[in-house]
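Here the structure is laid out as structure tokens; the discussion comes afterwards.
Residue numbers run from 1 in the order of the sequence given.
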Amino acid sequence: MINFLNLEYFLVAAEEMNFTRAAKKLFISQQSLSNHISNMEKEFGIELFNRTNPLTLTYAGHALKNKARQLLDLRDETYRELADIKDFSIGQLVIGLSHTRGRVILPEILPVYKERFPSIDLKLAEGNSSELADDLLHGAVDLIIDLLPIRTENVETVPICEEEILLAVPDSVLERTFPGRLEEIKARLDEHVDLRLLERCPFLMINKGNRVRTIADEMFEEAEFTPDIILETENIETVLALSAKGMGITFYPRMFISGHANFQNKMGNLLGVTFYHLDHAKAHSILAIGYHKGHYMSQATKEFIRIAKEMI
């Protein structure tokens with residue numbers, strides 16, 4: 001019979017390929033880890049590691065590593081299913097989304113969800129689109145909230161609202177790039193945003209891997225020019241704040257702007273930044289909840305999706 005604790009410890013050691021690092025990651029002593037691995041080797045009657053420098057896996061070790069994650073995932077799914085059967089009295093829901101999107105969406109959903117299901121343990125996993133898709137694929141989260149398309153295998157999606165990516169352009173950038181022509185350039189941008197018009201302007205960008213950055217890069221490629229990116233960061237709020245100080249142009253989701261009905265006047269007057277609609281298909285998307293079709297969907301997950309569709 002497989003000891004799941006031994007299996008968990010083996011998997012960490014097999015991923016780290018270093019007993020010292022693995023023990024630190026598990027918050028146990030190296031000797032304790034070695035004992036767990038030895039116990040598993042005795043159970044199977046075969047060595048799993050070659051105790052060489054550097055450490056390597058035996059053929060049996062490779063075989064077990066390939067199955068270990070599947071076994072542990074199956075165990076976790078079984079526990080979640082059994083917890084659901086128990087009158088939905090206990091459970092856990094892990095939600096993956098970006099920090100900024102969470103600030104906008106979660107206050108609309110979580111208070112209602114927690115009031116209706118106070119015993120469900122809610123956890124958040126924050127990251128960019130690539131990281132969230134990977135977490136969903138490997139079962140680290142129950143669902144993710146992101147823009148369509150969600151690029152990972154075996155994902156079912158539930159649309160919840162429309163989203164639009166806007167171009168944030170500070171007046172001061174236009175004044176520096178087009179001296180004496182500010183109103184003319186703004187009028188042209190109001191009529192139609194041609195990114196080639198802004199080719200000589202500095203840009204502030206979110207890091208690659210974020211969906212907003214992916215969309216922006218595709219637009220630059222279609223416009224056939226390489227932008228002058230003077231700064232990249234993981235935080236989309238940082239790029240907007242720096243744009244407001246006149247450092248450069250950036251892309252920003254409309255959902256993140258307060259007061260949607262009059263956002264352009266409000267934000268323009270407050271920050272000296274004008275937000276322009278992009279006449280481009282990729283700038284218009286759908287925000288959706290994604291869940292893995294191959295993983296057990298808990299009652300907690302189903303209820304979250306239902307409330308999200310109800311509230312957003």
Side-chain angles (χ1 to χ4, degrees), residues 76-77 80-81 83-166 206 209-212 214-215 235-237 252-261 263 282-312:
D76 293 342
E77 288 188 20
R80 287 197 296 268
E81 185 171 1
D84 277 348
I85 293 172
K86 192 179 177 181
D87 301 323
F88 194 34
S89 59
I90 59 172
Q92 177 178 276
L93 177 62
V94 185
I95 305 164
L97 75 173
S98 71
H99 169 77
T100 312
R101 188 162 281 119
R103 174 179 59 81
V104 176
I105 295 174
L106 295 183
E108 301 296 327
I109 303 173
L110 292 192
V112 176
Y113 185 89
K114 198 63 178 175
E115 181 179 358
R116 295 182 188 177
F117 309 106
S119 60
I120 300 301
D121 181 22
L122 293 171
K123 297 184 183 300
L124 301 181
E126 296 173 335
N128 62 37
S129 297
S130 298
E131 292 166 340
L132 295 176
D134 188 66
D135 285 345
L136 185 62
L137 178 64
H138 293 95
V141 298
D142 297 301
L143 56 83
I144 63 174
I145 302 175
D146 204 357
L147 297 177
L148 294 177
I150 296 174
R151 294 187 174 92
T152 192
E153 299 176 354
N154 297 319
V155 171
E156 193 76 33
T157 57
V158 180
I160 52 177
C161 67
E162 295 182 353
E163 175 62 300
E164 179 183 6
I165 305 302
L166 304 171
I206 195 75
N210 185 286
R211 184 59 54 81
V212 173
T214 301
I215 292 170
N235 192 324
I236 200 166
E237 297 294 355
Y252 196 74
R254 178 171 180 167
M255 176 178 290
F256 297 171
I257 303 174
S258 302
H260 290 176
F263 71 90
K282 290 185 172 64
H284 302 266
S285 185
I286 301 295
L287 189 69
I289 294 173
Y291 59 90
H292 199 291
K293 291 188 291 186
H295 295 167
Y296 167 71
M297 179 184 280
S298 68
Q299 188 65 27
T301 303
K302 293 176 184 177
E303 291 297 333
F304 181 89
I305 292 173
R306 183 180 63 80
I307 291 173
K309 292 174 65 178
E310 174 186 319
M311 302 304 298
I312 300 295

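Across all their heavy atoms, S285 and L147 have their closest contact at OG-CB, 3.8 Å. The nearest pair of heavy atoms linking P159 to A288 is CA-CB, 3.9 Å. Of all the heavy atoms in A308 and I289, the pair that sits closest is CB-CD1, 3.6 Å. In this structure, H295 and H138 approach most closely via the heavy-atom pair CE1-C, 4.4 Å. Of all heavy-atom pairs between I120 and K114, the closest is O-NZ, 2.6 Å. Residues L143 and L136 share a closest heavy-atom pair of CA-CD1, 4.1 Å.
Of the inter-residue distances, the one linking T157 atom OG1 with Y291 atom OH reads 8.0 Å to the nearest 0.5 angstrom. Atom CZ of R103 and atom CD of E126 lie 11.5 Å apart (nearest 0.5 Å). Atoms CZ and CE, from R306 and M311 in turn, are 11.0 Å apart once rounded to the nearest 0.5 Å. Taking CD1 from I236 and CG from N128, the interatomic distance works out to 11.5 Å, rounded to the nearest 0.5 Å. The distance from atom CD1 of I144 to atom NE2 of H292, rounded to the nearest 0.5 Å, is 10.5 Å. With values rounded to the nearest 0.5 angstrom, I165 atom CD1 is found 9.5 Å from M255 atom CE.
The number of heavy-atom neighbours closer than 6.0 Å to CD of E310, taken from other residues, nucleotides and ligands shown, is above 12. Counting non-hydrogen atoms of neighbouring residues, nucleotides and ligands closer than 6.0 angstrom, the NZ atom of K309 reaches no more than 12 such neighbours.
Counting heavy atoms from C-beta outward, V155 and K293 have side chains that stay 4.5 Å or more apart. No side-chain heavy atom of D142 sits less than 4.5 Å from a side-chain heavy atom of Y296. Looking at heavy atoms from C-beta onward, R101 lies in side-chain contact with D146 at the 4.5 angstrom threshold. Counting heavy atoms from C-beta on, the side chains of I257 and L166 come closer than 4.5 Å. When side chains are defined from C-beta on, E156 does not count as touching M297, because their heavy atoms never get closer than 4.5 Å.
Listed for the E108 side chain is no donor-acceptor partner under 3.5 Å among the backbone atoms of I105.
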message = Between I145 and L287, is the side-chain contact (heavy atoms from CB on, under 4.5 Å) condition met? List the steps.
response = CA-CA 7 Å; I145 302 175; L287 189 69; 4.0 Å; yes
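Between R211 and the options S130, S129, P253, a side chain to side chain contact (heavy atoms under 4.5 Å, CB included) holds for only S129.
Applying the side chain to side chain contact (heavy atoms under 4.5 Å, CB included) criterion to Q92, with sequence neighbours excluded, gives V94, D121, K123.
Ring pair F117/Y113 is tilted by interplanar angle, where 30° to 60° counts as tilted.
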